[in-house]
Amino acid sequence: QVQLVESGGGLVQTGGSLRLSCAASGRTLSSYNMGWFRQAPGKEREFVATAVRNGGPTYYAGSVKGRFTISRDNAKNTVYLQMNSLKPEDSAVYYCAAGRFTPTVAAAYDYWGQGTQVTVSS
């Protein structure tokens, strides 16, 4: 069992930055794909970024590539999402998730955090 707790969300102006954190307990994260997803009101949950387990590659949604960076700190059992050049369309609840299969598909993740709100004002 893995427990995930996100933090770092908030209100920021267009062009600003935020860093989200996802702290895990229960098991070491290095053996899991760690993903960030987001869901805006009235929309489906969408893939944002993932760091594949055991030192594998990272993948990003096209809409955030070049602006967001996912990283892990295995010693702290924490995953981060650095978000730069934020846009109003990035506003959503952001969730971190842990899984072992297809890293870009939400249904492949077994454990989810409670989410953290990100709001980007124009």
Side-chain angles (χ1 to χ4, degrees):
Q1 196 77 2
V2 177
Q3 292 79 41
L4 302 172
V5 179
E6 302 99 333
S7 61
L11 175 64
V12 64
Q13 291 185 334
T14 296
S17 297
L18 284 173
R19 189 177 80 155
L20 305 184
S21 299
C22 174
S25 60
R27 292 193 180 172
T28 179
L29 290 185
S30 60
S31 61
Y32 289 88
N33 300 327
M34 294 303 301
W36 285 96
F37 292 79
R38 66 187 182 188
Q39 188 166 18
K43 295 188 177 181
E44 293 187 354
R45 190 169 297 189
E46 66 173 355
F47 166 74
V48 175
T50 188
V52 175
R53 60 180 174 162
N54 298 326
T58 57
Y59 299 102
Y60 297 91
S63 59
V64 307
K65 197 169 186 178
R67 300 188 296 124
F68 291 11
T69 303
I70 188 171
S71 61
R72 297 177 182 253
D73 184 335
N74 289 333
K76 295 183 178 180
N77 223 27
T78 299
V79 176
Y80 304 97
L81 185 69
Q82 177 66 43
M83 306 187 296
N84 298 329
S85 302
L86 283 162
K87 306 174 182 180
E89 52 263 43
D90 294 317
S91 297
V93 177
Y94 283 70
Y95 299 90
C96 74
R100 285 186 166 150
F101 300 104
T102 313
T104 61
V105 176
Y109 286 79
D110 300 307
Y111 304 103
W112 291 83
Q114 82 288 350
T116 186
Q117 177 71 48
V118 171
T119 303
V120 185
S121 63
S122 56

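When only modelled atom types and interatomic distance are considered, Ser30 and Asn74 share no side-chain donor-acceptor pair under 3.5 Å. The closest side-chain donor-acceptor pair between Ser25 and Gln3 falls under 3.5 angstrom.
For the pair Arg38 and Ala92, the tightest heavy-atom approach, listed with the atom from each and the gap, is CB-CB, 3.8 Å.
The main-chain N or O of Lys76 is found under 3.5 Å from a side-chain atom of Thr78 such that the two form a donor-acceptor pair. Put simply, the side chain of Glu6 never gets that close to the backbone of Cys22: no donor and acceptor are under 3.5 Å apart. At distances below 3.5 Å, at least one donor-acceptor pair connects side-chain atoms of Asn33 with backbone N or O atoms of Arg53.
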Test side-chain hydrogen bond (donor to acceptor under 3.5 Å, both in side chains) on Ser17 and Asn84; report intermediate values, then the result. CA-CA 4 Å; Ser17 297; Asn84 298 329; 2.9 Å; yes
Could you give me the CA-CA distance, side-chain angles and deciding distance for Arg100 and Ser31, then say whether side-chain contact (heavy atoms from CB on, under 4.5 Å) is met? CA-CA 8 Å; Arg100 285 186 166 150; Ser31 61; 3.4 Å; yes
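In this structure the side chain of Glu46 never reaches within 4.5 angstrom of the side chain of Gln39, judged on heavy atoms. The shortest side-chain heavy-atom distance between Thr14 and Pro88 falls under the 4.5 Å cut-off. Side-chain atoms of Arg67 and Asp90, non-hydrogen and from C-beta on, do get closer than 4.5 Å to each other.
Here Met83 is tied into one hydrophobic group with Val2, Leu4, Val12, Leu18, Leu20, Leu29, Tyr32, Met34, Trp36, Val48, Tyr60, Val64, Phe68, Ile70, Val79, Leu81, Leu86, Tyr94, Tyr111, Val118, Val120, each link being a pair of ILVMFWY side chains closer than 4.5 Å. As a member of the Ile/Leu/Val/Met/Phe/Trp/Tyr network built from side-chain separations under 4.5 Å, Phe37 groups with Phe47, Val52, Tyr59, Val93, Tyr95, Tyr109, Trp112.
We find the OG-CD distance between Ser21 and Gln82 to be 9.5 Å, quoted to the nearest 0.5 Å.
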